[in-house]
Amino acid sequence: MTFGILDDNKLEKVPGTGLLSDQGIVHGHEVAIDEAKDLKRGVGKYAHVVLIPQPSDDPRDPLNWPTWKKEACFWTLAFAASLDGALSPMVGPGYTLLAKQFDVSVDDVTSSFGFILLGLGTFMLVQNALAVKFGHRIVYLLSLSLMFISCIWCALSPNLASIRASRVFQGFGMSALQTLVASTIEQIYCVHERGSRSVIWSFSIMAGITLGPLICSYVIQNISWEFGFWFVSIPLGLNTLAVFFFVPESTFDRNTAKQSRDEDSASSEKPFSDAEIESVGRSSAAPPPVPSYMSSLKIWSGTYTDESIWRLSLRPFPFLLSPVTWFLFLTQGLQTVWLSLVPLCSSTIFTLEYNFNATQTGLTNLGGLVGIVLAMAVTGPLNDWGIVWLSKRNRGVYEPEFRLVFMSSMLCGVFGYVGWAVGNDHHMPWIGAVACITMLNFSIVVSGSASVTYLLDTHRANALHVFALSNFGKNMVLYASTFFANGIILSRGVKVSLLILGACQAACWAASVPMYIYGKRVRSFIARHPQLFQGDLPASDLVSKETSKAP
């Protein structure tokens with residue numbers, strides 16, 4: 001039993017478990033781990049960290065990309081994710097004004113703009129299939145282009161019907177930035193680098209969710225809601241160009257590359273003629289050429305699998321049998337639902353309690369911005385450092401469940417909802433409500449990034465399918481909530497509504513406790529029953545070949 005994690009006695013090597021440090025703490029003394037001596041390690045301050053997964057010798061392997069190329073790719077996608085986050089709630093502070101403009105209820109306006117969630121959820125599974133079939137790059141380009149075009153469409157919409165249609169297509173475009181980026185992180189970064197990247201990605205989405213309504217509130221109050229979409233279309237167009245120049249294709253079959261190199265080495269051991277000796281010597285000594293920058297700009301890279309789009313679209317559903325899928329849905333998916341309801345209902349809450357206008361309501365999002373900045377500053381570096389620290393005290397062996405220590409931050413969200421509800425009942429000033437929003441955003445960035453990184457470490461290449469299912473469920477729940485969320489606040493009051501959200505948050509946090517304790521046995525079960533989980537990896541690869549045996 002490692003730090004409360006139950007061991008597994010079914011498999012010698014459980015997928016996800018592996019050497020992360022070439023040194024371990026045994027009886028208070030630091031000792032070298034013999035099993036790590038032949039494995040590739042990091043550089044600089046990470047020289048003692050064993051790379052998981054082990055990169056191939058192929059320069060085309062994204063794990064071997066130069067630092068500038070990885071950074072350019074990641075930060076371009078991070079900026080795109082912030083724009084993605086902004087699009088959904090950006091008009092939230094003006095829902096009360098729009099209800100008067102269109103002569104409908106606030107819930108009608110909320111549900112009309114909420115059609116973006118319908119498009120987002122339904123297209124999740126399709127865009128995953130497209131990414132597996134044709135690669136990530138072309139999907140990113142299509143997604144940003146759709147977001148850009150639909151943003152202009154929404155700005156030109158004369159009525160709610162046109163708004164609904166444009167928001168559906170906007171949701172189609174947004175889907176890749178909310179799921180596919182996690183897969184790209186898994187493809188270009190090793191385990192000890194993923195935690196901080198997941199935090200930054202979560203920060204980017206939450207920053208968009210926070211700043212979008214804040215900035216748009218001024219536009220709505222002083223110009224019109226349409227101009228908000230015109231303003232967002234400018235960075236969207238620029239970001240589409242940035243994706244073209246700085247986000248190359250990251251899909252790479254590392255196992256096939258290793259197998260090919262091994263076969264080349266084996267064939268070079270038994271040549272039968274002088275000509276063959278010379279030919280084999282050249283092929284085995286020279287690695288594949290480094291791809292040029294211009295070659296990385298091509299949009300079409302062919303197909304990466306012979307399976308049909310239809311079968312690929314159905315592939316995620318067997319992962320409904322995985323406990324990790326439900327864990328991600330409860331801790332990251334539903335937590336996002338609760339938090340997303342705050343900006344969706346902020347116009348109602350702050351109009352009822354504080355008589356705020358659209359601009360003042362938008363300014364309350366500054367509390368969320370403080371929360372996500374604190375979360376990134378504190379837990380970004382701590383996330384990856386913490387798992388290395390724990391691994392050293394586990395004889396150098398890493399367990400993905402170490403990530404779940406950070407799930408305790410969900411309790412900050414519980415305190416935020418309950419504190420807001422109780423304070424509101426005692427006529428708390430508006431700054432108290434903003435402080436509670438700070439706690440909510442801090443909670444989701446820390447715990448959400450931890451659960452996503454845990455998914456990447458446990459399901460690896462199949463994480464994309466699990467993420468698609470979780471996000472599909474999340475967006476369907478959130479879309480359904482847009483029809484009655486504001487109505488519940490008006491009928492039951494702010495206090496009762498926030499207490500309900502606090503109870504839901506506490507229940508979702510409770511799911512992380514059994515996952516931490518039994519997570520290793522869950523990973524073993526998944527590996528021992530490949531027939532239940534038909535994903536990207538063949539059955540023979542479900543048991544990790546990239547990690548070495550624990551000492």
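If you're wondering where the values come from, they're calculated on a predicted model, not measured in any experiment.
- With rounding to the nearest 0.5 angstrom, the OG1 atom of Thr331 is 6.0 Å from the CE atom of Met410.
- Atom-to-atom distance recorded for Trp68:CH2 and Phe246:CZ is 8.0 Å, nearest 0.5 angstrom.
- Inter-residue side-chain proximity for Ile185 and Leu77 is flagged as unmet; no heavy-atom pair is nearer than 4.5 Å.
- No more than 12 heavy atoms of other residues, nucleotides or ligands sit less than 6.0 Å from atom CH2 of Trp509.
- Within the structure, the ring-ring contact (aromatic ring centres under 6.0 Å, His included) test picks out the following pairs touching residues 175-207 (sequence neighbours left out): Tyr46-His192, Trp201-Phe467.
- Counting heavy atoms from C-beta outward, Gln187 and Ser183 have side chains that approach closer than 4.5 Å.
- A cation-pi arrangement is absent between Arg60 and Phe252 under the rule of less than 6.0 angstrom and at most 45 degrees off the ring axis.
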Where do Glu71 and Arg197 land on the salt bridge (charged side-chain N to carboxylate O under 4.0 Å, His left out) test, with the steps shown first?
-> CA-CA 10 Å; Glu71 295 300 309; Arg197 300 296 166 169; 2.7 Å; yes
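- Under 3.5 Å, the side chains of Arg403 and Ser449 contain no donor-acceptor pair of N or O atoms.
- Defined by atom type and a distance below 3.5 Å, a donor-acceptor pair is missing between the side-chain atoms of His136 and Ser250.
- The minimum heavy-atom distance linking Trp65 with Pro248 is given by the pair CH2-CG, 3.5 Å.
- Heavy atoms only, all atoms of each residue included: Gly519 and Tyr454 are closest at CA-OH, 3.7 Å.
- Note that CE of Met147 and CE of Met174 are 6.5 Å apart. Values are rounded to the nearest 0.5 Å.
- Side-chain contact between Thr325 and Phe329: absent, with no pair of heavy atoms (C-beta onward) separated by less than 4.5 Å.
- In this view, Phe134 and Trp300 satisfy the ring-ring contact (aromatic ring centres under 6.0 Å, His included) rule, not counting sequence neighbours.
- The side chain to side chain donor-acceptor pair (under 3.5 Å) test applied to Ser512 returns no partner, not counting sequence neighbours.
- Between the side chain of Ser88 and the backbone N or O of Gly85, no donor-acceptor pair lies under 3.5 Å.
- With rounding to the nearest 0.5 angstrom, the CD atom of Glu193 is 7.5 Å from the CG atom of Leu51.
- His459 has its side chain within reach of Ile526: a pair of non-hydrogen atoms, C-beta onward, lies under 4.5 Å apart.
- Lys298 has no carboxylate O lying under 4.0 Å from a charged side-chain N of Glu249, or vice versa, which leaves the two without a salt bridge.
- With hydrogens and angles disregarded, no donor-acceptor distance shorter than 3.5 Å links the side chain of Thr251 to the backbone of Gly135.
- Across all their heavy atoms, Ser56 and Asn64 have their closest contact at O-ND2, 2.9 Å.
- Aromatic ring pairs are classed by plane angle as parallel below 30°, tilted from 30° to 60° and perpendicular above 60°; the pair Phe3 and Phe402 is perpendicular.
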Just do the side-chain contact (heavy atoms from CB on, under 4.5 Å) check on Val405 and Tyr516 with the steps written out, would you?
-> CA-CA 8 Å; Val405 173; Tyr516 178 83; 4.2 Å; yes
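- Cys151 SG to Leu87 CG: the interatomic distance, rounded to the nearest 0.5 Å, is 5.0 Å.
- With hydrogens and angles disregarded, no donor-acceptor distance shorter than 3.5 Å links the side chain of Ser470 to the backbone of Val466.
- No side-chain donor from either of Gln332 and Ser447 sits under 3.5 Å from a side-chain acceptor of the other.
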Residues Met515, Val324; criterion side-chain contact (heavy atoms from CB on, under 4.5 Å); working and verdict = CA-CA 8 Å; Met515 197 73 237; Val324 180; 4.1 Å; yes
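- A donor-acceptor pair is defined here as one N or O able to donate and one able to accept, closer than 3.5 Å; such a pair exists between the side chain of Arg137 and the backbone of Leu297.
- The minimum heavy-atom distance between Pro62 and Ile188, with the atom names listed, is CB-CG2, 3.7 Å.
- For the pair Asp84 and Ser175, the tightest heavy-atom approach, listed with the atom from each and the gap, is OD2-N, 4.5 Å.
- Here Asp8 pairs with nothing under the salt bridge (Lys or Arg N to Asp or Glu O under 4.0 Å) rule; sequence neighbours left out.
- No side-chain heavy atom of Cys73 sits under 4.5 Å from any side-chain heavy atom of Lys70.
- For the pair Phe442 and Met376, the minimum side-chain heavy-atom distance is 4.5 Å or more.
- Contact check for Leu63 versus Cys190: side-chain heavy atoms found under the 4.5 Å cut-off.
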Derivation of the side-chain contact (heavy atoms from CB on, under 4.5 Å) call for Leu334 and Cys504 = CA-CA 9 Å; Leu334 288 184; Cys504 292; over 6 Å; no
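- The salt bridge (Lys or Arg N to Asp or Glu O under 4.0 Å) check on Lys520 picks up Asp7, Glu399, with sequence neighbours excluded.
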Under the side-chain contact (heavy atoms from CB on, under 4.5 Å) criterion, do Leu141 and Phe244 qualify, and how do the steps go?
-> CA-CA 7 Å; Leu141 287 170; Phe244 176 78; 4.0 Å; yes
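- Residues passing the side chain to side chain contact (heavy atoms under 4.5 Å, CB included) test with Leu366, sequence neighbours excluded: Leu214, Leu363, Leu369.
- Judged by distance alone, the side chain of Gln54 and the main-chain N or O of Lys40 form a donor-acceptor pair under 3.5 Å.
- A pairwise comparison of heavy atoms in Leu83 and Asn239 identifies CD1-CB, 4.1 Å as the closest pair.
- To the nearest 0.5 angstrom, Ile5 atom CD1 is 8.5 Å from Thr17 atom OG1.
- One side chain, Ser198 or Thr453, offers a donor N or O that lies under 3.5 Å from an acceptor on the other.
- Using a 4.5 Å heavy-atom threshold, the side chains of Val418 and Leu498 count as separate.
- Partner Asn471 forms a side-chain contact (heavy atoms from CB on, under 4.5 Å) with one of Leu328, Asn128, Thr179 and no other, that one being Thr179.
- Checking Gln335 against Lys474 by side-chain atom types alone, no donor-acceptor pair falls below 3.5 Å.
- Within a 6.0 Å sphere centred on OH of Tyr304, other residues, nucleotides and ligands contribute more than 12 heavy atoms.
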